[in-house]
2 protein chains.
Amino acid sequence: MKVNSMRDVAAAVRGRRKDLGLSQADLAARVGVSRAWINAVEAGKPSVELDLVLRLLDHLGLRLDLAKPGNLGDVFKGRSVDLDSVLDEYRDR
Amino acid sequence: MKVNSMRDVAAAVRGRRKDLGLSQADLAARVGVSRAWINAVEAGKPSVELDLVLRLLDHLGLRLDLAKPGNLGDVFKGRSVDLDSVLDEYRDR
DNA sequence: AGACAACGTCACCGTTCGTTGACAAGGTGG
DNA sequence: CCACCTTGTCAACGAACGGTGACGTTGTCT
């Protein structure tokens with residue numbers, strides 16, 4: 001899921017927390033933050049601290065990825081092209 | 001690139017800014033933040049505001065993705081294991 | 001050498017953060 | 001019905017945010 005705004009993060013956090021069957025209080029205790037903060041994050045509060053959010057995502061087992069434009073596509077492209085030439089090389093032996 | 005900490009974000013931001021040939025001041029003006037803040041982010045300051053960071057990443061053309069466990073990782077795992085066994089097979093010929 | 005650009009860092013300021021403890025409201029189960 | 005759990009929200013507080021303007025350092029060019 002692409003993250004465009006704080007609202008995307010908020011939805012992912014709440015959704016995942018419910019998937020795990022945790023209350024806001026449970027999660028807050030595990031992450032080491034206040035329940036009020038979890039509630040604020042889930043409500044989409046824009047100005048929350050990034051490191052706390054990273055910690056929260058980690059505890060929820062949500063993976064965050066950063067990619068340059070065309071990077072993921074290039075990686076896959078590069079991979080498949082290299083793979084073919086490598087395999088051809090071995091076939092000719 | 002997986003984001004584990006603020007340091008990963010910092011490195012990506014600085015790297016991308018340099019790739020684009022922008023100074024901290026140029027970038028700050030475009031994003032609508034102070035140069036000091038850009039510098040703080042690139043130094044890995046943990047407590048920066050998430051919405052400002054999201055804006056910064058957007059201006060740098062860096063894509064942020066959130067994924068649940070087993071969503072993307074398994075895909076890569078399967079791929080790398082298959083590649084190694086295929087290459088080993090050809091080596092033995 | 002001097003000039004300039006870029007960056008790292010600082011102090012001050014007004015604003016707002018996260019925590020704490022509390023309360024109201026909604027939902028569930030016995 | 002009552003008891004309990006959960007969530008949304010609030011006020012007060014100390015800490016720290018981001019912006020501003022400035023200065024020192026580093027690197028490059030003439």
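Chain letters run A, B, ... following the sequence lines, proteins first, then strands; residues in each count from 1.
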I need the [atom1]-[atom2] distance between [X] and [N], as an integer number of Å.
X       : N      : atom1 : atom2 : result
A/Leu50 : C/dC17 : CG    : P     : 15 Å
B/Leu52 : D/dG19 : CG    : C1'   : 11 Å
A/Lys18 : C/dG27 : NZ    : P     : 12 Å
B/Arg17 : C/dC7  : CZ    : C1'   : 8 Å
B/Ile38 : D/dT20 : CD1   : P     : 13 Å

Work out which heavy atom in B/Val31 is nearest to a heavy atom in B/Arg55; give both atom names and the distance.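 Minimum heavy-atom contact is O-NH2, 2.9 Å.
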Nearest-0.5 Å distance, [atom1] of residue [X] to [atom2] of residue [Y]:
X       : Y       : atom1 : atom2 : answer
B/Arg63 : A/Asn4  : CZ    : CG    : 8.0 Å
B/Ile38 : B/Arg35 : CD1   : CZ    : 10.0 Å
A/Ser5  : B/Leu50 : OG    : CG    : 9.5 Å
B/Glu42 : B/Leu27 : CD    : CG    : 7.5 Å
A/Leu56 : A/Glu49 : CG    : CD    : 12.5 Å

Reading DNA chain D from 5' onward, which residue's closest nucleotide shows up sooner: A/Leu22 or B/Ser47? A/Leu22
Are more than 12 heavy atoms, taken from residues, nucleotides or ligands other than B/Lys18, located less than 6.0 Å from that residue's NZ atom? no
Would you say a side-chain N or O of [X] is under 4.0 Å from OP1 or OP2 of [N]?
X       : N      : result
A/Arg55 : C/dG18 : no
A/Lys45 : C/dT16 : no
B/Gln24 : C/dA5  : no

Between B/Asp26 and A/Trp37, which is nearer to the 5' end of DNA chain C once each is assigned its nearest nucleotide? B/Asp26
Heavy-atom nearest nucleotide on DNA chain C for B/Asn39 versus A/Ala40: which residue maps closer to 5'? B/Asn39
Scan nucleotides 21-30 of chain D nucleotide by nucleotide, 5' to 3', and note B when protein non-hydrogen atoms come under 4.0 Å of the base, S if they reach only the sugar-phosphate, - if neither. -B--------
Does any non-hydrogen side-chain atom of A/Met6 lie less than 4.5 Å from one of A/Val48? yes
Tell me which nucleotide among C/dG8, C/dG18, D/dG19 gets nearest to the side chain of B/Val33.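 Shortest atom-to-atom distance from the side chain points to D/dG19.
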Report for the helix from C/dA1-D/dT30 to C/dG30-D/dC1: angle between first-end and last-end helix axes, five pairs each, rounded to 10 degrees. 40°
Taking any heavy-atom pair under 4.0 Å as a contact, classify B/Ser34: base, sugar-phosphate, or nothing. base
Mind checking if A/Glu42 touches a base, just sugar-phosphate, or nothing, with heavy atoms under 4.0 Å?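 Nothing: the residue A/Glu42, judged by heavy atoms under 4.0 Å, touches no strand.
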If the condition is side chain to side chain contact (heavy atoms under 4.5 Å, CB included), which residues does A/Ala12 pass it with, not counting sequence neighbours?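 With sequence neighbours excluded, A/Ala12 shows a side chain to side chain contact (heavy atoms under 4.5 Å, CB included) to A/Met1, A/Leu62, B/Leu66, given in chain and number order.
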